[in-house]
Amino acid sequence: MKSKISITNLSKSYGDVQALKGINLDIEHGELFGLIGPDGAGKTSLFRLLATLLLPDSGSATLCGFDMVKEYKHIRNLLGYMPGKFSLYQDLSVLENFNFFATVFNTKIEDNMDMIRDIWLQIEPFKHRLAGKLSGGMKQKLALCCALIHQPKILLLDEPTTGVDVVSRNEFWQMLKSLKAKGITIIVATPYMDEANLCERVALMQNGEILSLDTPAGIISGFKKDLYAIQGQDIYQLLLDLRAYPYANSVFPFGQSVHYTDTREDVSLSELKDYLISKGQNKIEIKRITAGIEDCFMALSQQNNVQA
Ligand SMILES: Nc1ncnc2c1ncn2[C@@H]1O[C@H](COP(=O)(O)OP(=O)(O)OP(=O)(O)O)[C@@H](O)[C@H]1O
């Protein structure tokens, strides 16, 4: 069975809030796909629709060829869904949670070990611990095991690495790669732009719309402006001064520097530096850099806001 997902013109509102505005998206069998966007972009709403927990206002979607509304029962058996908030029973042990999910899906842990062995081995030493007493990374591993217990063809993971330390985040992505190798179609929603590079394709989302849909490299190649990282002693004042510069096209804070693009084709860096010195800035450093996914997102978002 091909676990393709096809989404056509899908919309969802909550009262006056338009959470999804006509989403069109095809995700291929066995793809590791990223939904990347800030809080409120609409990622959870899209997942809840695909997981058949919400009804759309308009539009449609098929998962493994089954209609999301009319054939929701088939979809529930084919789908593993890991919600954003820890969804397991905090007062049950690891093993009790696991057994509970196996029972719900009318299966047994031992019958599904092939699929989950690598992950289970990492949490097995804690099998008698209450789920509520696990670390963030361990909770995510348990939630992933529970989402996999019925051997789903499609896995929806809503912000699985939010609040998880860097080491556990890396381990988690390694696990996703091995699940993908088993032929599972995986969609990961994340607000972390750097995780886009770990996906085969991504959709950058904002305000219920897809701003861009491509491979991470394809998205980055769409960034056509020269990009500069500018550092100075007072980063906040630097940001304000750059925003006031008449040739500024985009100015965003980025860690310890400001990412800057200019409206001119040929940027005069010496003129820009002189301007900043005239504003009282010192220790200015300007470096030409390559855009990352976050720069692309900011540029697309700015473009989208101008068009709106
Ligand atoms: N039950 C609800 N009632 C009213 N508004 C809602 C409801 N659920 C979501 N929204 C609104 O819909 C929009 C999209 O929210 P959604 O949760 O789908 O986005 P998200 O990208 O998953 O962000 P988050 O990480 O904050 O959940 C937001 O403006 C949100 O406030």
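Nothing fancy with the numbering, it's 1 onward along the sequence. Every number for a ligand or one of its atoms is a count from 1 in the order of the listing. Please read these numbers as outputs of a predicted model, since none were measured by experiment.
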May I have the list of side-chain donor-acceptor pairs in residues 184-201 shorter than 3.5 Å, sequence neighbours left out?
{"unit_1": "T185", "atom_1": "OG1", "unit_2": "S3", "atom_2": "O", "d": "3.0"}
{"unit_1": "T185", "atom_1": "OG1", "unit_2": "S3", "atom_2": "OG", "d": "2.7"}
{"unit_1": "T185", "atom_1": "OG1", "unit_2": "G30", "atom_2": "N", "d": "2.8"}
{"unit_1": "T190", "atom_1": "OG1", "unit_2": "Y192", "atom_2": "N", "d": "2.9"}
{"unit_1": "T190", "atom_1": "OG1", "unit_2": "E195", "atom_2": "OE1", "d": "2.8"}
{"unit_1": "D194", "atom_1": "OD1", "unit_2": "R169", "atom_2": "NH2", "d": "3.3"}
{"unit_1": "D194", "atom_1": "OD2", "unit_2": "R169", "atom_2": "NH2", "d": "3.2"}
{"unit_1": "E195", "atom_1": "OE1", "unit_2": "T161", "atom_2": "OG1", "d": "3.1"}
{"unit_1": "E195", "atom_1": "OE2", "unit_2": "T161", "atom_2": "OG1", "d": "2.8"}
{"unit_1": "E195", "atom_1": "OE2", "unit_2": "R169", "atom_2": "NE", "d": "3.0"}
{"unit_1": "E195", "atom_1": "OE2", "unit_2": "R169", "atom_2": "NH2", "d": "3.3"}
{"unit_1": "E195", "atom_1": "OE2", "unit_2": "W173", "atom_2": "NE1", "d": "3.0"}
{"unit_1": "E200", "atom_1": "OE1", "unit_2": "L32", "atom_2": "N", "d": "2.6"}
{"unit_1": "E200", "atom_1": "OE1", "unit_2": "K180", "atom_2": "NZ", "d": "3.2"}
{"unit_1": "E200", "atom_1": "OE2", "unit_2": "K180", "atom_2": "NZ", "d": "3.1"}
{"unit_1": "R201", "atom_1": "NE", "unit_2": "E31", "atom_2": "OE2", "d": "2.5"}
{"unit_1": "R201", "atom_1": "NH2", "unit_2": "D26", "atom_2": "O", "d": "2.7"}
{"unit_1": "R201", "atom_1": "NH2", "unit_2": "E31", "atom_2": "OE1", "d": "3.1"}
{"unit_1": "R201", "atom_1": "NH2", "unit_2": "E31", "atom_2": "OE2", "d": "3.4"}

Take I284 and L272, measure what side-chain contact (heavy atoms from CB on, under 4.5 Å) needs, and give me the verdict at the end. CA-CA 10 Å; I284 300 156; L272 175 59; over 6 Å; no

All heavy atoms of A51 vs all of L79, minimum pair found to be CA-CD2, 3.4 Å

Closest heavy-atom pair, R129 versus L134, reported as atoms and distance to 0.1 Å, is CD-CD2, 3.9 Å

Assess the side chains of Y260 and D262: does a donor N or O sit below 3.5 Å from an acceptor N or O? yes

Between S6 and the options I27, L63, T62, the side chain to side chain contact (heavy atoms under 4.5 Å, CB included) test singles out T62

Expected contact list for ligand 1 at under 4.0 angstrom, heavy-atom basis, is Y14, V17, A19, P38, D39, G40, A41, G42, K43, T44, S45, E159

